[in-house]
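Here is how names work: the chains are called A, B, and so on, in the same order as the sequence lines, proteins then strands, and each is numbered from 1.
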2 protein chains.
Amino acid sequence: MDDSVIARAVSIVRTFDARHQVLGVSEVARRTNLPKATAHRMLRELAVHRVLERSGSGYRLGLLLFEVGALVPVHHTIAATARPVMTDLRDTTRGRIHLAVLDGTEVVYVEIVGEAHTPIASRVGGRLPAHATGVGKVILAHSGPAAIESVIATGLPRITARTLHTPGALMRELEAIRSDGQGYDREESHVGISCVAAPIFGADGNVLAGLSITGPTRMIDPDRMGLAVRTAARTIGRQVAGS
Amino acid sequence: MDDSVIARAVSIVRTFDARHQVLGVSEVARRTNLPKATAHRMLRELAVHRVLERSGSGYRLGLLLFEVGALVPVHHTIAATARPVMTDLRDTTRGRIHLAVLDGTEVVYVEIVGEAHTPIASRVGGRLPAHATGVGKVILAHSGPAAIESVIATGLPRITARTLHTPGALMRELEAIRSDGQGYDREESHVGISCVAAPIFGADGNVLAGLSITGPTRMIDPDRMGLAVRTAARTIGRQVAGS
DNA sequence: CTTAGGCGTTTCACTGAGTGGAACGATCAG
DNA sequence: CTGATCGTTCCACTCAGTGAAACGCCTAAG
C-alpha cells in the first residue's frame, strides 16, 4: 500500500459508497487497513476541511466534495450540454438515457435521464466494465488499439451469461459497431435490460463519450431506435464542440 | 495558512473553479501561495490518485471527484428523491426550480431543474449568501438562533440594491416567512430575477432544505405560486423521510 | 538575433509533521 | 460481572515532505 498522506486520505474518501454512507473510525480503519489512531486523526482533519462531515457517531462524505464534483469538467460541460437532448430522447423513446465516458477499462456514467427499470439501477458516477455495456463498446470501437488491448489484458469477466467474454467475440462486436454506426447491449450487463448505443465524437474527431437508450429488453428495438440515438449523439457532439 | 498536507491538497483542489478549469503548476502555486516545487509535487501526486488529471500542459479536476461527489448524501439521496417533483413543478410553473441546503452562512444549490433565464445563472454545487436568497431565508426562518446569529455576525453584504442588509430587516423578513409559510427573493440576489420559496422539513421536524420557483420578476407571482411550491416542498420532505 | 522572463521539472540536505502502539473511559451484550 | 468494541488521547520516534536553487525550454519583445 502507498503510504503517503494523500494516498491515505484518498483511500479513506473512497471507502464511502452508496451502501456505506456513514462509517465510524473503526470501520474506516478496517476497510482502509490503517491503524485506528491514524484513521481517527485523518477523519477528523478531513472533516475540518469539509471533505467529510460528522454524522451521528460516524463520518460521511461532505459538501465540499459535492461542490467540487459538480465542477469536474466531464460533468460541468459535457453533461450539462447533453441534458436537454437526452431529455428529448427520453421523451420520444421512453427509455433511460445514459451518457458515459471511458476511464481505464470501465465506463463512468456522467449523466442519466429517465426512470430506472430495475431496483438495482445504474447511477450517475457509477461504473461498469466497458466490454459489457453498449456505451462502453461504442467508445472502444472508436478508440485506439491501446484502450482495446488494455480491456482485453485486464480480462473480460462475465457479468451475465450473455456478456462477451472472449477477445475474438469482442473484436468482432467492435467491428460490427464500426460498420453499423451503433452498438447494443443484449442483456450483457444486466439480465432483462438491453440498450442501443451510439458514440459521441469531439471536435477533434476522437470519440468522447457514449450515449444509449436503455430499458427492458422487450422495449428496446434497434431498428426503430438506432437513428434516434445516433442523431442525438451527433447533436450532443456538435453542441459540446461549440461550447 | 494551515500547513498540513491535507490542508494543502484541499487548497489546491479548491483552486479550480468554473472559470479556471485547467491550471498549470505556476498558476496553482500563485493561487495557493505554495512554493512552486511543492505545488508541482502535490499536483502530480493528486493526478496519480485521480483527484486531478493532466489536461494539455495543465491540470484539471479528475473523474474521482465526480464519482465521489455523486455519492455525497445530500445529493445522492435528497436531490435524487426531489427531482421528479421538481420536474413537475417546473412543468406547471415554467420556472427554474432550485433545491438548496444551508452550509454555514451560504446556501449550496443541490439540484436545479429548468432553463436559466440569465446568462450568469445559478449552478448545481454553487453558493450564494443565505440572507440574499429566497431559499436561504426560508431555511433561516426555521433554523435555530445560532444559524441566524452567525449570518448576522458574518455581515449582510448587498448583492443588489435590494438585498436586505440590516439585522432588523432580516429579522422582520424571517418573521414574515414564519407567518406566511413561504418566502421571496425580490431581486435580492440577482437584478431582474425573483423567486418564491418554501422550506422542506425532515422527519425530525427540523428544516432540511429550501425549494424555490425562480424566474424573471414579471413571471413570478407569489399569490399564484405559493401553494404550489409549498405543496411540492411537503411532498419532497415526505418522500425523503420515507426513503 | 539576443535577452529576459516565465514555464515545468528535478535535486537533496534538512527537520518537524505525521505516526502508531498503548492506554483509557464508555457502552453493550452475554 | 466480564469481555469485546468503540472513539479518543498521548508521546517518543523517524522518515515523508519540504523548498531553495538550479536547469533546460519556450516565447515575446527589442
Side-chain angles (χ1 to χ4, degrees), chain A residues 1-65 68 71-73 204, chain B residues 1-65 68 71-73 204:
Chain A
M1 192 195 62
D2 189 348
D3 281 3
S4 75
V5 174
I6 286 177
R8 292 170 165 209
V10 170
S11 174
I12 287 176
V13 167
R14 292 181 63 206
T15 279
F16 295 86
D17 62 37
R19 292 198 341 278
H20 305 91
Q21 298 198 13
V22 179
L23 293 168
V25 173
S26 296
E27 185 62 26
V28 168
R30 254 187 313 271
R31 295 163 71 92
T32 55
N33 208 29
L34 289 171
K36 201 164 55 162
T38 302
H40 180 254
R41 206 177 44 246
M42 291 187 81
L43 282 165
R44 199 160 54 174
E45 192 172 6
L46 289 168
V48 164
H49 294 290
R50 302 189 308 122
V51 173
L52 302 178
E53 66 192 24
R54 294 298 308 252
S55 174
S57 55
Y59 293 85
R60 63 186 180 183
L61 298 177
L63 259 188
L64 178 67
L65 290 175
V68 168
L71 284 170
V72 177
D204 56 4
Chain B
M1 191 196 63
D2 188 347
D3 280 4
S4 74
V5 173
I6 288 177
R8 290 169 166 210
V10 170
S11 175
I12 286 177
V13 167
R14 292 181 63 206
T15 279
F16 296 85
D17 62 37
R19 288 195 349 277
H20 306 92
Q21 296 198 17
V22 179
L23 294 168
V25 173
S26 296
E27 186 63 24
V28 169
R30 251 187 315 271
R31 295 162 70 93
T32 54
N33 208 28
L34 288 172
K36 200 163 58 163
T38 302
H40 179 257
R41 206 177 44 246
M42 293 189 79
L43 282 165
R44 199 159 53 176
E45 190 171 8
L46 288 169
V48 163
H49 293 289
R50 301 191 308 124
V51 174
L52 303 178
E53 66 192 24
R54 294 299 304 255
S55 174
S57 56
Y59 293 85
R60 63 186 180 182
L61 298 177
L63 218 40
L64 178 67
L65 290 175
V68 168
L71 285 170
V72 176
D204 57 4

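Scanning DNA chain D 5' to 3' for nucleotides with an atom closer than 4.0 angstrom to a non-hydrogen atom of chain A gives a first and last hit of D/dC6 to D/dG17.
The residue among A/Ser57 and B/Thr38 whose nearest nucleotide of DNA chain D is located toward the 5' end is A/Ser57. Each of B/Pro35 and A/Ala37 was assigned the nucleotide of DNA chain D with the nearest heavy atom; the assignment lying further toward the 5' end belongs to A/Ala37.
OP1 or OP2 of C/dT9 has at least one side-chain nitrogen or oxygen of B/His40 nearer than 4.0 Å.
Side-chain atoms of B/Ile12 and B/Tyr59, non-hydrogen and from C-beta on, never get closer than 4.5 Å to each other. Under the 4.5 Å side-chain criterion, counting only non-hydrogen atoms from C-beta, B/His20 is not in contact with B/Glu27. Counting heavy atoms from C-beta on, the side chains of A/Lys36 and A/Val25 come closer than 4.5 Å. Looking at A/Arg41 and A/Glu45, their side chains never come closer than 4.5 Å, going by heavy atoms from C-beta outward. Taking the side chain as every heavy atom from C-beta outward, A/Val13 and B/His49 never approach each other to under 4.5 Å. In this structure the side chain of A/Val5 reaches within 4.5 angstrom of the side chain of A/Met42, judged on heavy atoms.
Rounded to a whole Å, the CE atom of B/Met42 is 16 Å from the P atom of C/dT9. Remark: P of C/dA17 and CZ of A/Arg41 are 13 Å apart, rounded to the nearest angstrom. Following rounding to the nearest Å, B/Lys36 (NZ) and C/dT11 (C1') show an atom-to-atom distance of 15 Å. If you take CZ of A/Arg8 and C1' of C/dA17, they are 13 Å apart, rounded to a whole angstrom. Atom-to-atom, CZ of A/Arg44 to C1' of C/dG18 comes out at 13 Å; the value is rounded to the nearest Å. Rounding to whole angstrom units, CD1 of residue A/Ile6 and P of C/dA17 are separated by 16 Å. Between B/Leu23 atom CG and C/dC7 atom P there is a gap of 12 Å when expressed in whole angstrom units. With rounding to whole Å, A/Leu43 atom CG is found 12 Å from C/dT19 atom P.
A distance-only check finds no donor-acceptor pair linking the side chain of B/Arg60 to the backbone of B/Ser55 [under 3.5 Å].
Axis angle across the helix from C/dC1-D/dG30 to C/dG30-D/dC1, with five pairs used at each end and values rounded to 10°: 40°.
Among the protein residues, A/Ser26 comes within range of the sugar-phosphate backbone only, with heavy atoms under 4.0 Å from sugar or phosphate atoms but none that close to a base.
Within 6.0 Å of CZ on A/Arg14 lie no more than 12 heavy atoms contributed by other residues, nucleotides or ligands.
When each of A/Leu61, A/Leu52, A/Leu43, A/Val28 is paired with A/Leu23, the side-chain contact (heavy atoms from CB on, under 4.5 Å) condition holds for A/Val28 and for no other.
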